Amino acid sequence: MLGSNGRPLPEQDLDHVLEHTRELWEDLRAGRVFVTGGTGFFGRWMLESFLRANDELGLRAEVVVLTRAPEAFASAAPHLATHPRVRLHRGDVASFEFPAVECSHVLHMATETALEGSASASFQTAVRGTSRVLDFAAARGARKLLITSSGAVYGPQPPDLEHISEDYLGAPRPEDATAGYGHGKRAAEYLCSVAAAEASFEVKIARCFAFVGPLLPLDANFAIGNFIRDALAGVPIRVTGDGTARRSYLYAADLAVWLWTILFRGEPGRPYNVGSEEDLSIADLASLVAAALRPGIPVLLGETAGLAGPPRRYVPSTARARAELGLRSYFDLLDAVGRTGDWYSPRTIA
């Protein structure tokens with residue numbers, strides 16, 4: 001099942017991204033994009049949607065993808081690695097040698113969560129990597145740079161705050177040794193703010209929350225991915241904890257629309273939350289995944305509801321993105337889960 005990651009993304013999803021960004025792409029005509037994090041969930045969606053727009057609109061643009069293992073990337077996604085407009089550049093985000101080409105746009109999406117390494121490593125990757133990418137953008141004539149930050153910059157969301165806005169002044173606690181990811185994203189945003197004041201390129205900030213779609217890892221610590229994995233395997237969906245925590249999920253095709261729009265049209269230095277405002281409990285999420293992919297499959301809760309105190313929230317306000325950039329969610333969650341399940345394990349739809 002996980003081996004299906006090498007398949008191209010659904011044609012109808014790439015058509016959706018192009019339909020809702022078509023008028024923006026002239027900004028990239030004959031340009032060149034430098035991408036970090038191009039092998040990840042965000043990166044693959046941005047690469048494939050870029051190539052669709054480039055081919056369909058005749059942009060004559062190119063993309064340079066930073067990767068520590070070009071051979072592995074080429075093996076996992078040959079349809080991308082062999083595309084004539086794609087160039088793979090070997091290196092680590094914190095120390096890569098600058099490719100000897102000018103780049104008009106930069107997508108900085110490389111990250112390392114505390115789940116992949118230590119909290120300290122996550123922080124250092126964010127800080128050193130962002131510093132290196134900003135130096136590259138200045139040296140190679142970039143006009144616009146997008147950094148994918150995170151809702152983790154706000155710290156724990158108060159349980160009585162239903163939707164967290166960009167103006168919220170919370171932050172991860174300095175004494176929380178596990179909060180390296182959130183602290184690192186805050187530091188990266190600060191470095192971008194300094195660069196925006198001192199450099200000649202525009203810095204765009206996307207604070208990303210939770211998502212679902214093809215290429216989402218099903219074997220990592222993402223609840224919705226784990227639930228989809230269990231449903232496709234036909235085993236009971238297991239919920240860690242009491243299931244009261246509340247989350248919201250934006251479909252990945254909409255995510256790509258939002259990120260391209262923020263890069264091309266977002267106000268420099270002004271962060272935009274990226275996600276869905278339609279939240280539900282983790283227990284209800286498990287039931288929704290079961291209904292979408294394997295009706296009747298059991299959902300098992302790890303704890304009795306209410307014992308852990310008020311529900312923990314991770315839900316954005318997207319009023320700024322809607323009002324200033326006209327962005328919206330086009331897919332409801334049931335449809336998004338169904339599309340994700342179909343891509344990982346194609347089913348016959350009656």
Side-chain angles (χ1 to χ4, degrees), residues 1-16 41-42 44-45 113 115 157 159 162-163 208-256 275-316 328-350:
M1 180 169 61
L2 299 182
S4 61
N5 283 5
R7 293 206 315 271
L9 291 171
E11 292 285 329
Q12 63 269 32
D13 285 348
L14 297 177
D15 289 341
H16 170 83
F41 175 55
F42 283 26
R44 280 281 304 274
W45 274 91
T113 69
L115 299 172
Q157 183 171 342
E162 294 187 358
H163 299 89
C208 301
F209 280 72
F211 307 93
V212 63
L215 289 169
L216 179 76
L218 304 187
D219 53 356
N221 195 27
F222 301 115
I224 195 166
N226 296 167
F227 297 165
I228 292 171
R229 175 200 63 201
D230 292 345
L232 293 178
V235 300
I237 295 178
R238 297 185 178 275
V239 178
T240 301
D242 64 5
T244 61
R246 302 192 69 83
R247 298 289 186 272
S248 62
Y249 296 88
L250 187 70
Y251 187 55
D254 283 338
L255 165 66
S276 168
E277 292 189 348
E278 301 297 322
D279 64 303
L280 74 171
S281 72
I282 293 296
D284 287 342
L285 173 65
S287 296
L288 182 146
V289 170
L293 302 180
R294 192 69 64 109
I297 198 171
V299 173
L300 306 178
L301 295 180
E303 299 175 7
T304 302
L307 294 182
R312 300 175 303 282
R313 294 182 179 275
Y314 188 61
V315 184
R328 54 166 286 197
S329 173
Y330 291 90
F331 299 90
D332 65 37
L333 186 54
L334 189 67
D335 186 19
V337 169
R339 287 168 175 260
T340 305
D342 287 343
W343 186 82
Y344 269 107
S345 181
R347 296 172 291 126
T348 300
I349 307 299

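Just so you know, these numbers come straight off a predicted model, no measurement behind them. Both backbone and side-chain heavy atoms feed into the values below; hydrogens, waters and symmetry mates do not.
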Near R328 CZ, under 6.0 Å, is it more than 12 heavy atoms from other residues, nucleotides or ligands?
-> yes

When every non-hydrogen atom of I297 is compared with those of A290, the smallest separation belongs to CG2-CB, 3.3 Å

Where is the tightest heavy-atom contact between A292 and L334, given as atom of each residue plus distance?
-> CB-CD1, 3.7 Å

What heavy-atom pair brings G213 and A252 nearest, and what distance separates the two atoms?
-> CA-CB, 4.1 Å

Heavy atoms only: give me the nearest G243-L301 pair and the separation to one decimal.
-> CA-CD2, 4.3 Å

Does D219 use its side chain to pair, donor to acceptor, with the backbone of N226 at less than 3.5 Å?
-> no

With D332 via salt bridge (Lys or Arg N to Asp or Glu O under 4.0 Å) - residues at least two apart = none

L216 side chain reached by F211 side chain, heavy atoms, under 4.5 Å = no

For F209, ring pair (Phe, Tyr, Trp, His ring centres under 6.0 Å) partners two or more places apart = Y314

Nearest-0.5 Å distance, CG of residue L255 to SG of residue C208 | 6.0 Å

Determine the minimum heavy-atom distance between A286 and I237, stating which atoms define it.
-> O-CD1, 3.6 Å

Summary of side-chain hydrogen bond (donor to acceptor under 3.5 Å, both in side chains) pairs that have at least one residue in residues 285-300, sequence neighbours excluded = none

Set of side chain to side chain donor-acceptor pair (under 3.5 Å) partners for Q157, sequence neighbours left out | none

Spacing of OG1 belonging to T340 relative to CZ belonging to F331, to within rounding of 0.5 Å | 10.0 Å

Any chance you could measure L215, atom CG, to L9, atom CG, to the nearest 0.5 Å?
-> 5.0 Å

Set of residues satisfying ring pair (Phe, Tyr, Trp, His ring centres under 6.0 Å) with respect to Y249, sequence neighbours excluded = none

Return each pair, listed once, that meets ring pair (Phe, Tyr, Trp, His ring centres under 6.0 Å) where at least one residue sits in residues 223-244; pairs must be two or more places apart or across chains.
-> none

Minimum heavy-atom distance P316-S248, with the two atoms named | CD-OG, 3.5 Å

With distance as the sole test, does S345 use its side chain to make a donor-acceptor pair with the main-chain N or O of G341 at under 3.5 Å?
-> no

Set of residues satisfying side-chain contact (heavy atoms from CB on, under 4.5 Å) with respect to P236, sequence neighbours excluded = P298, L300

Indicate yes or no: at least one non-hydrogen side-chain atom of Y344 is less than 4.5 angstrom from one of L218.
-> yes

Which pairs with one or both residues in residues 246-256 pass salt bridge (charged side-chain N to carboxylate O under 4.0 Å, His left out), sequence neighbours excluded?
-> R246-D279

Test salt bridge (Lys or Arg N to Asp or Glu O under 4.0 Å) applied to D335 - qualifying residues, sequence neighbours left out | R339

Could you state the interatomic distance from CG (L288) to CD1 (I282), rounded to the nearest 0.5 Å?
-> 11.5 Å

Sequence neighbours excluded, the answer for side chain to side chain donor-acceptor pair (under 3.5 Å) partners of Q12 is none

Please name all residues satisfying side chain to side chain donor-acceptor pair (under 3.5 Å) with S281, sequence neighbours left out, ordered by chain then number.
-> D284

Side-chain heavy atoms of Y251 within contact of S276, under 4.5 Å = no

Min side-chain heavy-atom separation I224-V337 under 4.5 Å | yes

For H163, check ring pair (Phe, Tyr, Trp, His ring centres under 6.0 Å) against everything at least two apart and list the hits.
-> none

Would you say the side chain of L333 lies within less than 4.5 Å of the side chain of L285, judging by non-hydrogen atoms?
-> yes

